[in-house]
Amino acid sequence: MMHLLRGGFDAKTMTLAEMDSVLNSDEMSENHRYRIGYKNKEQLFRHSYYADYYLIDTKKNDTILMSDSPVRDAVMSPNGKYVVYAKADNNLYIYKVDFKTEVPLTLSRDEVALMDVEVKTNTQIYNGVADWLYEEEFGITGLFAFSPDSKYLAFVRLNEREVPTFEWQTYLESENRRVNSEKGLYPTLHSLRYPKAGEENAVASVCVYDVQKKTIVTLDLPTKEDDYIPRLCWTSQPKSEKGKEPTLASVVALVLNRDQTKMSVYTANPKSTVSHPFYVEESDEYYIDYQLFDDWQWLSDGRVAVVSEKGGYTQVYMYSSQGIEQRLLTPEQRDVTAVYGYDEKTQTLYYQAANTPMTRQAYALNVKKNMTTQLTHGEGTHNLRFSKDWKRYIDCYQSNTIPQRYMLHDVRGGKGSVILANDSINNAWEVSGLPHKEFFTFVTERNDKLNGWMIKPMGFDATKRYPVVMMQYSGPASQRVTDTWRKRFGHYLASEGYLVVCVDGRGTNARGRDWRNATYLELGVKEAEDQISAAAYLKTLPYVDGERMAICGWSYGGYETLMCLSKQNEQVWKCGIAIAPVTSWRLYDSAYTERYMRRPQVNEYGYEKADVINLAADLKGNLLLVHGLADDNVHAQQSWLYVDALVQAGKQFEMQMYPDDNHFLRNGNNYEHLHNRIMLFLKRNL
């Protein structure tokens with residue numbers, strides 16, 4: 001029986017091809033019979049969204065709406081018999097494919113009876129899905145995972161009842177944005193549980209749902225209340241011996257202490273709930289990069305290819321099933337930047353590494369023979385995607401002068417075939433006459449070698465002197481100077497006669513652990529020193545007008561813009577543009593800030609030193625300060641407190657606020673308006 005789809009069309013009259021034009025496909029079952037699709041997407045936080053989700057049966061040409069209310073993070077079980085998703089009540093639900101029924105997974109019988117009255121308003125407990133903090137700072141939306149045999153579902157439960165609430169107002173609620181209706185007379189109040197640095201965090205635990213018994217148990221993990229559990233997965237399914245009960249796969253939970261200086265990986269039995277530490281890494285000198293866990297490879301024999309930077313660079317180690325280090329697989333002193341996977345049949349590890357900080361190449365390591373083969377060549381950035389049998393791969397190659405080019409290769413070698421060359425994009429660029437970036441390096445007075453790029457103005461004449469706009473982000477583990485095809489606002493500035501420059505300073509990525517941790521415990525200070533050094537270097541170039549220089553940035557880059565304008569002993573920049581800036585790390589969220597600064601209770605000196613509100617009186621140059629008033633990430637509070645400090649210090653400045661818009665300023669005409677405002681500001685000041 002075909003079901004009527006919500007949203008104005010009848011599946012009875014639609015082919016699968018027509019459904020494809022309406023539904024966005026999320027994933028497909030392993031037997032390729034079922035697909036999950038969605039429509040009517042409504043954004044929640046940065047990555048998460050609610051939507052109407054459908055089960056598409058390609059065999060029966062049938063499309064079924066799985067739930068009467070919008071859901072998020074729908075995932076199909078490995079055997080294709082179940083789909084799990086969450087609803088607005090932050091509970092998990094399981095959809096049984098064979099029976100076309102939906103069953104509450106984390107709700108008790110009494111809660112189901114009361115759900116219309118009480119449970120739908122419960123936003124304090126998150127079952128299997130991320131709250132704002134986990135999503136924003138750990139880059140994850142769904143915190144649940146099926147066992148390989150689909151018999152168990154492990155999920156993280158977050159209790160944020162003690163997390164403080166942040167509130168803000170919106171003003172444009174009426175449809176026509178006028179105050180001629182009752183709805184438009186008063187602003188709307190919004191709230192979000194947002195733990196700032198040093199404040200209470202959500203309490204995390206791991207539960208396991210038995211699909212057949214419909215029971216939930218909590219794993220016995222030796223965690224503290226303020227620990228994070230940002231990753232959850234399963235080991236591979238162990239091979240069963242004949243005549244014996246199948247051995248269970250283990251739940252794998254990654255636990256970070258609050259300071260993120262200790263990472264513990266536990267394996268746990270889903271029945272007994274007993275856990276054992278598999279891997280522990282700890283340091284007093286730097287934070288542990290939890291994201292490296294995403295590249296770990298869990299092999300069927302129990303071994304694990306572990307990715308860690310404990311040796312000074314991001315490298316891959318082989319560990320036994322008991323968690324004992326066996327050997328270092330990638331001894332080269334360069335950062336492994338991605339692990340594509342491990343072919344167990346040929347015992348080959350496929351990975352990407354930074355030959356230089358600006359480039360990426362792909363490699364194949366035959367573990368048995370201890371032989372490494374470089375798969376890709378030439379300058380630029382290579383990112384690979386392999387077939388399931390590891391016999392072929394697609395190389396997405398790009399560089400500063402070549403847009404993304406897709407090539408199909410055989411792992412045994414030979415000439416690859418072009419899938420997509422994108423020559424038309426390259427040809428159009430050449431016709432435009434816009435220049436490409438030019439890379440450069442220089443050495444600071446501290447003897448640090450920094451990488452940068454510049455975009456020279458159209459019709460560049462080396463005998464002339466040009467105004468300079470320095471664009472930067474500068475945040476820890478970020479990287480803006482890469483050999484990739486990025487054509488953005490800087491090229492437009494170049495078309496308007498500006499010399500545009502970007503420099504990656506200390507704390508940025510792909511230069512080893514020590515370089516990335518150079519700014520640890522005192523954010524903003526060394527980054528500003530490096531941008532000041534970059535400006536000094538630029539002034540030595542004959543075609544740079546050192547009296548007409550600007551610096552700008554967004555988010556962390558906005559913060560660093562304010563730091564630079566306040567830290568310059570003699571005025572370096574005539575003006576600066578700070579968009580959605582952090583102004584005090586005490587006001588930003590706990591997980592991000594404490595990763596690099598620890599808690600203010602233990603690093604008061606570092607927080608004071610990094611606070612630009614304290615430096616308002618030292619501001620030099622003209623400032624354009626920009627913020628969205630409904631920014632749930634870097635709150636407008638950050639700018640308002642800085643504004644007060646500027647006013648009290650007698651500092652004049654320009655300001656651009658956007659009502660009801662968030663961190664990205666994409667509502668309505670805001671983004672275009674912002675860039676027009678930037679151009680007016682630069683022309684007036686430079």
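A quick note: this is a predicted structure, and the numbers were derived from the prediction, not measured.
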* Look at the rings of Tyr559 and Tyr556 and say which category their plane angle falls in: under 30° parallel, 30 to 60° tilted, over 60° perpendicular. => perpendicular

* To do: Ignoring hydrogens and angles, state whether a donor on the side chain of Arg446 or Ser533 is under 3.5 Å from an acceptor on the partner side chain.
  => yes

* salt bridge (Lys or Arg N to Asp or Glu O under 4.0 Å) between Glu654 and Arg677, worked out -> CA-CA 11 Å; Glu654 294 185 38; Arg677 179 68 191 274; 3.0 Å; yes

* Go through the side-chain N and O atoms of Gln361 and Thr376 and say whether any donor and acceptor fall under 3.5 Å apart. => yes

* Does CD in Glu608 sit with more than 12 non-hydrogen atoms of other residues, nucleotides or ligands closer than 6.0 Å? -> yes

* Asked: Which of these passes ring pair (Phe, Tyr, Trp, His ring centres under 6.0 Å) with Tyr596: Tyr287, Tyr520, Tyr286?
  -> Tyr287

* Asked: Are the side chain of Asp504 and the backbone N or O of Val481 linked by a donor-acceptor pair below 3.5 Å?
  -> yes

* Are the side chain of Ser48 and the backbone of Phe45 linked by a donor-acceptor contact shorter than 3.5 Å? -> yes

* Structure fact -> Taking every heavy atom of Trp640 against every heavy atom of Leu629, the minimum-distance pair comes out as CZ2-CD2, 3.7 Å

* Asked: Passes salt bridge (Lys or Arg N to Asp or Glu O under 4.0 Å), Lys196 versus Asp589? Steps please.
  -> CA-CA 4 Å; Lys196 298 197 175 189; Asp589 75 63; over 6 Å; no

* Option from Lys437, His436, Lys487 for which side-chain contact (heavy atoms from CB on, under 4.5 Å) with Ile455 holds -> Lys437

* To do: Please indicate whether Glu445 has more than 12 foreign heavy atoms, meaning atoms of other residues, nucleotides or ligands, lying under 6.0 Å from its CD.
  => yes

* Asked: More than 12 heavy atoms of other residues, nucleotides or ligands under 6.0 Å from CD of Glu522: is that the case?
  -> yes

* Asked: Sub-3.5 Å donor-acceptor pair from the side chain of Arg513 to the main-chain atoms of Lys310, do we have one?
  -> yes

* Where do Asp335 and Arg511 land on the side-chain contact (heavy atoms from CB on, under 4.5 Å) test, with the steps shown first? -> CA-CA 7 Å; Asp335 282 331; Arg511 297 181 66 168; 5.6 Å; no

* Between the main-chain N or O of Ala528 and the side-chain N or O of Glu560, is there a donor-acceptor pair closer than 3.5 Å? -> yes

* **More than 12 heavy atoms of other groups within 6.0 Å of Glu282 CD** => yes

* Apply the test side-chain contact (heavy atoms from CB on, under 4.5 Å) to residues Leu686 and Tyr498: give CA-CA distance (whole Å), side-chain angles for both, the deciding distance (0.1 Å), then the verdict. => CA-CA 9 Å; Leu686 299 187; Tyr498 296 96; 3.9 Å; yes

* To do: Please check if any side-chain donor atom of Glu199 sits under 3.5 Å from a side-chain acceptor atom of Ser590, or the reverse.
  => no

* Asked: Any side-chain donor-acceptor pair under 3.5 Å between Asp226 and Asn201?
  -> no

* Any donor and acceptor pair, going by atom type alone, linking the side chain of Glu167 with main-chain N or O of Leu192 inside 3.5 Å? -> no

* To do: Using the side-chain hydrogen bond (donor to acceptor under 3.5 Å, both in side chains) rule, take Tyr363 and Asn355 through it: C-alpha gap first, then chi angles, then the decisive distance, then the call.
  => CA-CA 11 Å; Tyr363 299 86; Asn355 267 13; 2.4 Å; yes

* **Arg231 to Phe293, cation-pi by 6.0 Å centre distance and 45° axis angle** => no

* Does the ring centre of Tyr194 sit less than 6.0 Å away from the ring centre of His635? -> yes

* Would a distance-only check, ignoring hydrogens and angles, find a side-chain to backbone donor-acceptor pair under 3.5 Å from Arg595 to Glu137? -> yes

* Is there a donor-acceptor contact under 3.5 Å linking the side chains of Gln638 and Thr583? -> yes

* Asked: So among Tyr492, Phe681, Phe489, which one has a ring pair (Phe, Tyr, Trp, His ring centres under 6.0 Å) with His675?
  -> Phe489

* Asked: Under 6.0 Å between ring centres, would you say that holds for Tyr228 and Tyr290?
  -> no

* Ignoring hydrogens and angles, tell me if any N or O in the side chain of Thr508 forms a donor-acceptor pair with the backbone of Gly505 under 3.5 Å. => yes

* Should the pair Asp259-Arg599 be classified as a salt bridge under the 4.0 Å nitrogen-to-oxygen rule? -> yes

* Asked: Are Gln472 and Ser474 close enough that a side-chain donor and a side-chain acceptor fall under 3.5 Å?
  -> yes

* Asked: Passes side-chain hydrogen bond (donor to acceptor under 3.5 Å, both in side chains), Asn400 versus Trp485? Steps please.
  -> CA-CA 5 Å; Asn400 176 41; Trp485 179 269; over 6 Å; no

* To do: Please test Thr261 against Asn257 for side-chain contact (heavy atoms from CB on, under 4.5 Å), starting from the C-alpha separation and ending with a verdict.
  => CA-CA 7 Å; Thr261 56; Asn257 70 333; 3.1 Å; yes

* Any donor and acceptor pair, going by atom type alone, linking the side chain of Glu527 with main-chain N or O of Met563 inside 3.5 Å? -> no

* Check for a donor-acceptor pair, side chain of Asn517 on one end and backbone N or O of Gly507 on the other, with a separation under 3.5 Å. => no

* So Leu450 and Tyr537, side-chain contact (heavy atoms from CB on, under 4.5 Å) or not? Walk me through it. -> CA-CA 11 Å; Leu450 302 185; Tyr537 164 76; over 6 Å; no

* Asked: Is there a donor-acceptor pair under 3.5 Å between the side chain of Gln571 and the backbone N or O of Trp573?
  -> yes

* **N-O pairing of Lys539 and Asp545 below 4.0 Å** => no

* Asked: What heavy-atom pair brings Ala550 and Leu682 nearest, and what distance separates the two atoms?
  -> CB-CD2, 3.8 Å

* Asked: Any idea which heavy atoms bring Asp227 and Tyr134 closest together, and the distance?
  -> O-OH, 4.2 Å

* Passes salt bridge (Lys or Arg N to Asp or Glu O under 4.0 Å), Glu594 versus Arg258? Steps please. -> CA-CA 8 Å; Glu594 294 168 11; Arg258 177 151 181 171; 2.7 Å; yes

* Asked: Can Ser584 and Asp611 be counted as having a side-chain donor-acceptor contact under 3.5 angstrom?
  -> yes

* To do: Would you kindly say whether Gln352 and Thr337 are connected by a side-chain donor-acceptor distance under 3.5 Å?
  => yes

* To do: Can you see which heavy atom on Val163 is nearest to which on Ala202, and at what distance?
  => CG2-N, 3.4 Å

* Is the shortest side-chain N to carboxylate O distance from Arg506 to Glu529 below 4.0 Å? -> yes

* For Glu496, look at atom CD and say whether over 12 heavy atoms of other residues, nucleotides or ligands are found less than 6.0 Å away. => yes

* Asked: Under 6.0 Å from the CD atom of Glu162, do we count more than 12 heavy atoms belonging to anything else shown?
  -> no

* Under 6.0 Å between ring centres, would you say that holds for Tyr340 and Tyr351? -> no

* Asked: Nearest heavy-atom pair of Met471 and Gly490: which atoms, and what distance?
  -> SD-CA, 3.9 Å

* Do the two ring centres, one from Trp554 and one from Phe664, sit under 6.0 Å apart? -> no

* Could you walk me through whether Arg516 and Glu309 pass salt bridge (Lys or Arg N to Asp or Glu O under 4.0 Å), step by step? => CA-CA 11 Å; Arg516 187 163 59 83; Glu309 59 176 7; 2.3 Å; yes

* Taking every non-hydrogen atom, the tightest pair across Met597 and Leu523 -> SD-N, 3.3 Å

* Structure fact -> CD (Gln531) and CG (Leu538) are apart, to the nearest 0.5 Å, by 9.5 Å

